[in-house]
**Q** 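Quick one: the structure is below, and I'll ask about it shortly.
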2 protein chains.
Amino acid sequence: MAQRGRRTRRVSGDERQDAILVTAEALLGERAFDDISIEELARGAGISRPTFYFYFSSKDEVLLALLDRVITEVEHRVGDLPRDFESDPAGAWTRSIGMFVEVFVAHRGVATAAIAARARNDEVRALWSKSMQSWVDFSSDVIRSEQARGAAPEATDAHDLAVSLNLMNERVITAVLNQETPAIAESRALDVLSTIWIRSIYGSANPGRG
Amino acid sequence: MAQRGRRTRRVSGDERQDAILVTAEALLGERAFDDISIEELARGAGISRPTFYFYFSSKDEVLLALLDRVITEVEHRVGDLPRDFESDPAGAWTRSIGMFVEVFVAHRGVATAAIAARARNDEVRALWSKSMQSWVDFSSDVIRSEQARGAAPEATDAHDLAVSLNLMNERVITAVLNQETPAIAESRALDVLSTIWIRSIYGSANPGRG
DNA sequence: CGCGTTTTCAACAAGGTGTTGACTCTCCCG
DNA sequence: CGGGAGAGTCAACACCTTGTTGAAAACGCG
């Protein structure tokens, strides 16, 4: 997944490529991906626009490279996630969801740009979906083991539940980060999301009737 | 909210404006909004590109007009939503969520285009958020009344819950419609979403410990 | 008819993307 | 150490899309 765009690499070209990436991440912190031109990326890295194309074949490739780093970090962190669900299910889920929140907050610009670019770019979509998949796999594994030990009802398919809850997290967190309306307060997000996860995974499906 | 783009209206100009809208909706059925040029919209309506600007000031205005219709329909349908939650909470919620699903499916092209355009266009964002807001208001009203009658625990803020669950619906349904990965089967969507809603609203927050 | 308003579009301007071809620089090998 | 093979660079070009302008055609009504 590394080695995007460039043919070979020897001396100082790397620095240029890096400079483009650094410029892109900085600009993404202050405005939307669509509002950043290749000209700006090039100028920020101290090169001309045509030279930009020597390093990346398009603006989307830059986003892809940025996203690539985030994905790598995510897969690492998912692997390190504690699985102490038996002793403290609520706490364990909250910590897992907290990690999700942390990644979004830490790479806010890249995450929101990638989510928007996903609609038009196949490679971005594939890469993002890989990341979501690793979260979904983690969640559904845990849900299944909670069902196996009798702590959670088996009525609902673990995979469907995991997908829906992870998509909820993605959407709620982006709404919070972008300060959309409607959204919830940033300070309440983790609490609300955890509550929904826990009730959905462990709760019964029979509300009290009138 | 009607009367977008045009100064006055008298005779046959309306048909042209309508033809643009019809063309847009048809094209949105087969590809993404970004991949449709104003040239195509104009040709589809039998006019030249500059003439398009007589009717709409931009491509986004066309989407806005399309979305406007959908929003109107939504507000109408939310008002007509049954509130028979006391006798059959699960069924009532499922029917309400089903309406949400129906609207997305019926206006699939407009909905997905609007969601994508929301990121860059303030007016689209405002209009979409108005629609979400009417769903959120409905949901939180019902949640609060369920809490008041003692059927649902009051531990969680009704508004925060309503926002999160509605955002989940938005995201899960678009994932299903776009056949994303990960997603769930279209036939399972309503069932899974209802389950999560019901457990989140009525369930307790205390999972069984190991 | 004749005059104002509506409607139309050729032509232009601006701004972005991606490509070409030639030039420089570096460094390594003969 | 001199000459080539890349790597790296960019002016200039071609192209597409959006949005504007100004003048002309069509229409309705007195």
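Chain letters run A, B, ... following the sequence lines, proteins first, then strands; residues in each count from 1.
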**Q** Under 4.0 Å between a Lys/Arg side-chain N and an Asp/Glu carboxylate O for Glu186(A) and Arg108(A)?
**A**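 The answer is no: the pair does not qualify as a salt bridge.
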**Q** I'd like to compare against my own output: the B/S/- annotation of nucleotides 17-24 of chain D with a strict under-4.0 Å heavy-atom distance to protein.
**A** -BBB----
**Q** Find out whether Phe33(A) and Asp60(A) are in side-chain contact, i.e. whether some heavy atom of one side chain is under 4.5 Å from a heavy atom of the other.
**A**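 Yes. Closest side-chain heavy atoms under 4.5 Å.
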**Q** Mind running a 4.0 Å heavy-atom check of residues 115-122 of chain B against DNA chain C and sending the residues that fall below it, in number order?
**A**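 Residues of residues 115-122 of chain B that come under 4.0 Å of DNA chain C do not exist, since none gets that close.
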**Q** Rounded to the nearest angstrom, tell me the gap between atom CZ in Arg43(A) and atom P in dT9(D).
**A**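 Going from CZ in Arg43(A) over to P in dT9(D) covers 17 Å.
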**Q** Is the shortest side-chain heavy-atom distance between Val163(B) and His159(B) below 4.5 Å?
**A**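 When only atoms from C-beta onward are counted, His159(B) and Val163(B) do touch, with a gap below 4.5 Å.
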**Q** dT8(C), OP1 or OP2 - any side-chain N/O from Thr51(B) closer than 4.0 Å?
**A**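 So the side-chain polar atoms of Thr51(B) never come under 4.0 Å of the phosphate oxygens OP1 or OP2 of dT8(C).
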**Q** Quick one: Arg16(B) CZ to dT6(C) C1', roughly how many Å, whole number?
**A**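 Value for this atom pair: 13 Å.
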**Q** Could you check how far CZ of Phe54(A) sits from P of dT19(C), rounded to whole Å?
**A**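 So the two atoms are 15 Å apart, to the nearest Å.
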**Q** Can you sort out the partners of Glu75(A) under salt bridge (Lys or Arg N to Asp or Glu O under 4.0 Å), two or more places apart, ordered by chain and number?
**A**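 Counting only residues at least two positions away or on another chain, Glu75(A) forms no salt bridge (Lys or Arg N to Asp or Glu O under 4.0 Å).
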**Q** Provide, to the nearest angstrom, the distance between the CD1 atom belonging to Ile20(A) and the P atom belonging to dG8(D).
**A**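 Spelled out: CD1 on Ile20(A) to P on dG8(D) is 12 Å.
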**Q** Between Trp128(A) and Phe104(A), how do the two ring planes meet: parallel, tilted or perpendicular, split at 30° and 60°?
**A**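 Trp128(A) vs Phe104(A) ring planes: perpendicular.
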**Q** Between Arg69(A) and Glu73(A), does any side-chain N to carboxylate O distance fall below 4.0 Å?
**A**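 Looking at Glu73(A) together with Arg69(A), the answer is no, because their closest N to O distance does not fall below 4.0 Å.
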**Q** Between Phe56(A) (CZ) and dT9(D) (C1'), how many Å, whole number?
**A**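 Going from Phe56(A) (CZ) to dT9(D) (C1'), I get 17 Å.
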**Q** Just so I know, are the side chains of Asn169(B) and Trp135(B) near enough to count as touching, which here means a heavy-atom distance under 4.5 Å?
**A**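 With C-beta onward as the side chain, the pair stays apart.
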**Q** Using whole Å, report how far CD1 of Ile47(A) lies from P of dG8(D).
**A**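 Interatomic distance, CD1 of Ile47(A) to P of dG8(D): 11 Å.
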**Q** To the nearest Å, give me how far apart CG (Asp35(A)) and P (dG15(C)) are.
**A**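 From Asp35(A) CG to dG15(C) P: 15 Å.
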**Q** Would a 4.5 Å heavy-atom cut-off, applied to side chains only, mark Val70(B) and Leu66(B) as touching?
**A**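 Answer no - side chains too far apart.
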**Q** Round to the nearest Å and state the distance from Asp34(B) atom CG to dG16(C) atom P.
**A**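 To the nearest whole Å, that distance equals 17 Å.
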**Q** Is it true that Arg188(A) and Asp160(B) have a side-chain N and a carboxylate O under 4.0 angstrom from each other?
**A**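 Yes, charged N to carboxylate O under 4.0 Å.
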